[in-house]
Amino acid sequence: MYKQYSDKIKYSEIEKRILEFWEENKIFEKSIETRDPKKNFTFYEGPPTANGRPGIHHVMARTIKDIICRYKTLQGYRVNRKAGWDTHGLPVEIEVEKELGIKTKDEIVLYGVEKFNQACKNSVFTYVKDWNELTRRIGYWINLDDAYITCTNEYIESVWWSLKKFFDEGYIYKGFKIQPYCTRCETPLSSHELSLGYQDVKDPSIYVAVKIKNQPDTFFLVWTTTPWTLISNVALAVNKDVDYVKVKLLDENKTPYYLILAEARTVVLPQGFEVVEKYKGQDLLGWEYERLFDYVPVDKKAFYVIEGDFVTTEDGSGIVHIAPAFGEDDYQVGKKYDLPLINPVDKSGRFNELITDFKSMHVKEADPHIIQNLKSRKLLFKKETIEHSYPHCWRCKSPLLYYARESWYIATTKYVDMMIELNKQINWYPPEVGKGRFGNWLEENKDWALSRDRFWGTPLPIWVSEDGDMFAIGSIEELKEGYFLTDDGKKIPVSELTDLDLHKPYVDKIIFEKNGKVYRRTPELIDVWYDSGSMPFAQFHYPFENKEVFEQNYPADFIAEGIDQTRGWFYSLHAIGTFLFKKPAYKNVIVNELILDKEGKKMSKSLGNTVDPFEIVEKYGADTTRWYLVSNSPPWKATLFNEDDLFDVQRKFFGTLINTYAFFALYANLDGFKYEEDEIPFEKRPEIDKWILSALNVLIKEVKEYFDDYDITKAARAISEFTIEQLSNWYVRRNRRRFWKSEMNADKISAYQTLYHCLITIAKLSSPIAPFISEEIYRCLNSVTNKEPYESVHLSLYPEVGPIDEQLLHKMEVAQKIVSIVRSIRSKNNLKVRQPLQKMLVVVKKEDQDSVREMEQVILEEVNVKELQLLDTDSDIVIKKAKPNFKSIGPKFGKKVNLVANAIRNLDGNQIKQIESGQNIILQIEGENLEITPSDVEVFGEEIKGWIVESEDGITVSLDTNLTPELIEEGLAREFINRVQNMRKDADFEVSDRISIMVEGSENLQKAISKMKSYIMQETLAEELEFGKCDSGFVQEWKVGSEECKISITKK
RNA sequence: GGGCCUGUAGCUCAGAUGGUUAGAGCGCACGCCUGAUAAGCGUGAGGUCAGUAGUUCAAUUCUACUCAGGCCCA
């Protein structure tokens, strides 16, 4: 027996049952093991951090990954899928700090690095249960039991190996650079971390008057949004090519004073200024000014005007204040002019004791005080607030400072050309991310700031002697040449240690003695992005183990993550892979956009517009959610998440699919169809079967092409369209009667075989996207027939493309169009389909005439018309029209095209005949003879003399709307059948129950019913049909046509 | 300020190597069906294809600019 559904379908319940089935029978494992090991398809999982709950966007990314992997499996590839967890880094530390109530780095040291890191290790997997549950629930198949974890010794060892390679080849150096620095986390951030944390904020925007030496009452006007950096000011920069002016203004006491600023920026001045002098920037160079704040003594020449080509007149005053410790441009010109570097800010972002007035104050807090100070000294010219986007720490959200710091770098700029070159081998979906966003990023490549001054992360494996000599360690084996220094000063050879943890604080206690020198580890950790970017080899503990496994699995055939990873994982994979292996790390990458709420706003906790994936999946089912996310818009376009549409997907696609299956199951069970009969060859099946099979085969072909092109959205849409429109709405609806018949003949077997084949094929095609429902249908079908040797659709293979009868597809298309036109006419004339009509006329293009003839029966049945007359376009009663073919006449006649087009529209019957017979005709236009060829003109039958017509796509149809008494009677009979059927249902009769009918009604009605008696009885499964009093059985009163009547039915 | 993407019906999305009737689904209106039925189907009304200028015989499609939204970078 095929499974039948009695109640409303509960998707979640089906899915949970399927999950259990998969797990009990190890279907995932089998889907890998049963595939040819030589047909490898490599997928890399980008490791998430499990210390936050997963969101709906994770469902999106995981769905995409899963779809491609399942599809490739269906194609016979062996797709190993190793899960991974990102465990290190600041986000973890921050969570732990919160838990422990720790606010600064010093407190961590006090608390104990060992304990702190242990807490981090424990915290990493806080939400791992949620992650695992969501992964499981949405059917994302990935091997969670064999996940790579970035904080294991093995993983770290592989990372070290790669770092040593960088180091030994001279690509790691210690530099001094301006870096975005988080004063809360007390660590510099890499540029890709920086990109994660831009926020729109309001900052003070102040204009400061800087007194020029030896010029009474004359000031430079200087603009800044970071007042606190003024304390560290050492110079002012102008652009030597920009025009500057000196203007005269009056203060509140009407005393004149003078300001110098860029001419283009006088817009910032109040009304009533007077230009008294003009300069080029060049003229101002070297001018000295009075220092604004003198807390910090300087030992070099400073406080004069220098030249900076970065100075623009787009904002500010055209004069830029320079504080070399706090800005990239500033630092560079500072070096050029040998300016002093003033940094009175400590590592937590507070002013040191030199800054007596603002001592211990965080620089951002100090801003208003500094402004107040300037104001009291009458140096504040103007104060505003501006809103701009400013980098913030991507995790703790504090504003970053630009800060000169020592740091370790990877010299990625040394091999950026290779990165750019290799990027061209990667297929990006969509391509513009690869060319544009990622490509631009590579072209502007800066060296990778590798080190982090934190605790929980992969230690930088570089040991340095006091005199600055250094070397890198690339394995645990190498480490064994060192000594472990115990707290009480004992030196134990590392080789004698039983357990070794490569994290802080342990590694820091390992020292090396070589050539009489002592080497200690440099205290920094490395950027976590380096961890995840190492996963291609580190997940296999390469090169210490699994050499072959790694080599077979590099590069990845496919990865997929969100666009936010452009500068994150996509980059770190590429940067590391390019250097180590001279190959790109991945060949195909799907980049998915954000998921926005239905208003198009970004989902965020603060707006309260986030969607809980667990709830959604429970409510609509994982398949519906997956299908919706993927079919609504391509992954690389932002999805506006709308629950109503989810419901729609469920109802339209899944509802229809299951309904179609249920229809099949209902009758197949009644008939005991088990697909035991011989397969009826394609050629021997009825037209309609050949048609749906052809359409199905087209679908198989298309879906493969879409999937192969990573276009999941088009694949999903094609499957959905076929299922709803072709299969359910046309094939099943038209063929219902074939299944009702009682005897089992060749026609019925063909119908069963055809529908069965369609259903099981759709199950296979949709299995990558909707793994649950497809499994349900596949198993329901196959468990009865055992036609396929697989216990799961996910172990089956992608269906072969069978025969496609193109002509038949076209014929049906024409027929469907004609049917649609007739319906339109009926609807406009208020003629129900139930009312039979005598005749219709059809005019189509010559090449389509055969189609209409062959589809005549189908058309007539669909529209309930008795006779179809196909009119030749040559027929006298068809009025033909000519339409210009612009594609052809456009280039030929140029500017005259519209005149020619009009002339063509007005061609008379004879001229059209000429054209149709293949002759050219001459048109006189503005005194010129122009020759028109048949290809310039499209001729179509537009009207039929004496008939009301409707046209569409070159098909013209007319309907005889005259109702003869016979037709009316027939209509009445149909109406009558309709009432009886309704009653059968109201009375809760079974579809196969036989009945007897008693009718009480007018003579007209009786006459009509008598005439059609046998037809009525057949349709309603009636054994008796009598006229008389309705006093027993199930009785209802009706209006049939215009006739009142009473009907009673009784079960036999 | 720079880069990339997007703007098509009330909503979500298709589409067009430039060719004169721009398509679906939802929603809406009207109707149908009742042997897939706590479903299903049909018909219809909805569009200056964001705006402006240019190239062209012809632009919603190509180009430039503008506006709006998004993302990324400064």
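Taking the P atoms as reference points, B/C11 lies 12 Å from B/U48, given to the whole Å. For the C1' atoms, the distance linking B/U61 with B/U17 amounts to 10 Å, nearest Å. Taking atom C1' in both B/G27 and B/C65, the straight-line distance is 37 Å, to the nearest Å. Comparing the P positions of B/U60 and B/G54 gives a spacing of 13 Å, expressed to the nearest Å. Here the separation of B/G44 from B/U6, taken at their C1' atoms, is 32 Å to the nearest Å. If you take atom C1' in B/U66 and the same atom in B/G7, they sit 14 Å apart, rounded to whole Å. As rounded to the nearest Å, B/U43 and B/U20 have C1' atoms that lie 27 Å from one another. B/U37 and B/G10 have their P atoms separated by 37 Å, given to the nearest Å.
Ring geometry, A/Y752 versus A/F739: the interplanar angle exceeds 60°, so the pair is classed perpendicular (tilted spans 30 to 60°).
The side chain of A/N440 approaches B/G3 more closely than any other nucleotide in the set B/G3, B/C71, B/C4. Checked against B/A36, B/C13, B/U17, the side chain of A/K887 finds its nearest nucleotide in B/U17. Nearest to the side chain of A/T660, among B/C72, B/A36, B/C5, sits B/A36.
Put simply, A/S827 has no side-chain N or O that comes within less than 4.0 Å of OP1 or OP2 on B/G44. Between A/N632 and the phosphate of B/C13, there is a side-chain N or O to OP1/OP2 separation shorter than 4.0 Å. Neither OP1 nor OP2 of B/A36 sits under 4.0 Å from any side-chain N or O of A/N729.
Looking only at side-chain heavy atoms (C-beta outward), A/R979 and A/R984 stay at 4.5 Å or farther from each other. Residues A/F976 and A/I1016 form a side-chain contact, since some pair of their non-hydrogen atoms from C-beta on lies under 4.5 Å apart.
Counting non-hydrogen atoms under 4.0 angstrom, A/R437 reaches a base of the nucleic acid. Backbone-only contact: A/P634 has heavy atoms under 4.0 Å from sugar-phosphate atoms and none from a base. Across all strands, A/N885 comes closer than 4.0 Å to no nucleic acid atom at all (heavy-atom distances).
No option in A/I995, A/I1049, A/T1020, A/I997 other than A/I1049 meets the side chain to side chain contact (heavy atoms under 4.5 Å, CB included) test with A/M983.
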Tabulated below should be each protein N or O lying under 3.5 Å from an N or O of nucleotides 55-62 of chain B; please produce it.
residue, atom, partner, partner atom, Å
B/C57, O4', A/G894, O, 3.1
B/C57, O4', A/K895, N, 3.1

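No side-chain donor-acceptor contact under 3.5 Å links A/N592 to the backbone of A/A61. Checking side-chain atoms of A/R826 against main-chain N and O of A/L831 turns up a donor-acceptor pair under 3.5 Å. The main-chain N or O of A/R974 is never found under 3.5 Å from a side-chain atom of A/N978 such that the two would form a donor-acceptor pair.
If you check distances only, the side chain of A/T656 never reaches the base of B/A39 with a donor-acceptor pair under 3.5 Å.
Two residues, A/V819 and A/R979, neighbour RNA chain B, and the one matched to the more 5' nucleotide by heavy-atom proximity is A/R979.
Crowding of A/K435 atom NZ: a count of heavy atoms from other residues, nucleotides or ligands under 6.0 Å not exceeding 12.
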Going 5' to 3' through nucleotides 22-27 of chain B and flagging B where a protein heavy-atom sits under 4.0 Å of the base, S where only the sugar-phosphate is that close, and - otherwise, we get ---SS-
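Remark: RNA chain B takes part in the stems B:1-7 with B:67-73, B:10-13 with B:23-26, B:28-32 with B:40-44, B:50-54 with B:62-66, each of 3 or more antiparallel Watson-Crick or G-U pairs, criterion distances under 3.5 Å.
For A/F673 and A/Y2, the distance between ring centers is not under 6.0 angstrom.
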